[in-house]
Amino acid sequence: MSSRNLAYDDNGSGTPLVLLHAFPFDRRFWDGVTPSLVSAGFRVIAPDLLGFGKSACETTWSIDDQADAVAKLMESIKIPNAAILGLSMGGYVALSLAANYPKQVSSLILADTKAAPDSPQARQGRAEAIDVVSTQGVAAFCDGMLPKLVAPNTSENISKATRTLMNQPQSTILTALAALRDRADRRPGLSAIAVPTLVLGGEFDAISTPQEGAEIAAAIPQGCFVQLPGVGHLSNLESPAAFVQAIVTFLKN
Ligand code: MLT
């Protein structure tokens, strides 16, 4: 496998729907929602982004490199265009695809994500995270990140299941933190997104707030915003049924 090829799952038939996972996860992130999406009539394609899961990558990468790899995957499996769903980091990649490969995007779902770049405070947080990963290791970093990902009242079971999915190589975590920190400001391009776009936001998402989601939707001509009640940053893991329902309602209408 070349370092820029992506491992992926491809399930179902019908309208292609590409799922782009959050950080620090891989395509297993979607296992809880894929069967329902397949039953609803979608062909669900879920890659491991570069460096994550089984998509080995020996080099550093940017968010735009991730979008290049997803576009290349779609070409290689002969999908001219698809509904693109990205959650958080996956949403950054989806926005890069919408900017750089608009013909490959038939509709867009941006879940728990941002169009704005890192603030100076967020950049400082990335520097601290890089230090934790370098000096204390991946497990300490993931333990510290978990409470920020889920809503305060999330069950112990969901928290534990989420934590087991947060296990990537140290080099991937370090590269990702730099790529997340250095991602582009996508706000100027939102008004040029010419496809139906659903923006999903968790009620208690402290990383990408519902307010930010509503602003993204308002800036996209065919954008709409749906808030998912009772969940934090990881709406697919915390409330899979509501997550799937919002997506299916949007894509079938
Ligand atoms: C994610 O969930 O993918 C990350 O929280 C994104 C980020 O840190 O910017």
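Numbering of ligands and ligand atoms starts at 1, following listing order. Keep in mind that the numbers below use all heavy atoms, side chains included, and drop hydrogens, waters and symmetry copies. Sequence positions, counted from 1, serve as the residue numbers for this chain.
Each of the following atoms of ligand 1 lies closer than 4.0 Å to a heavy atom of Met145: 5 (O).
The aromatic rings of Phe52 and Trp61 sit tilted relative to each other, their planes meeting at an angle between 30° and 60°.
Salt-bridge annotation for Arg163 and Asp143: present, with a side-chain N of the basic residue lying under 4.0 Å from a carboxylate O of the acidic one. For the pair Arg123 and Asp118, the salt-bridge criterion is not met [side-chain N within less than 4.0 Å of a carboxylate O]. Asp26 and Lys54 are not joined by a salt bridge, as no carboxylate oxygen comes within less than 4.0 angstrom of a charged side-chain nitrogen.
Contacts between Lys114 and ligand 1 below 4.0 angstrom, taking non-hydrogen atoms only, are absent altogether.
Ligand 1 has no atom lying under 4.0 Å from any heavy atom of Lys148. At a 4.0 Å cut-off, not a single heavy atom of Phe25 sits close enough to ligand 1 to count as contact. Taking 4.0 Å as the cut-off, Arg126 counts as a neighbour of ligand 1 on heavy-atom distance.
For ligand 1, the polar-atom distance check finds no N/O of Arg183 at less than 3.5 Å from any of the ligand's N/O atoms. Polar contact check, Met89 against ligand 1: a nitrogen or oxygen pair lies under 3.5 Å apart. For the pair Phe23 and ligand 1, the shortest N or O to N or O distance falls below 3.5 Å.
Using a distance-only test at 3.5 Å, with no hydrogens or angles considered, a donor-acceptor pair links the side chain of Thr172 to the main chain of Gly51. A donor-acceptor pair is defined here as one N or O able to donate and one able to accept, closer than 3.5 Å; such a pair exists between the side chain of His21 and the backbone of Leu49.
Tyr101 does not carry Lys72 over the face of its six-membered ring by the limits of under 6.0 Å from the centre and within 45° of the normal.
Shortest contact from atom 4 (C) of ligand 1 to any protein heavy atom: Ser88 OG, 3.3 Å.
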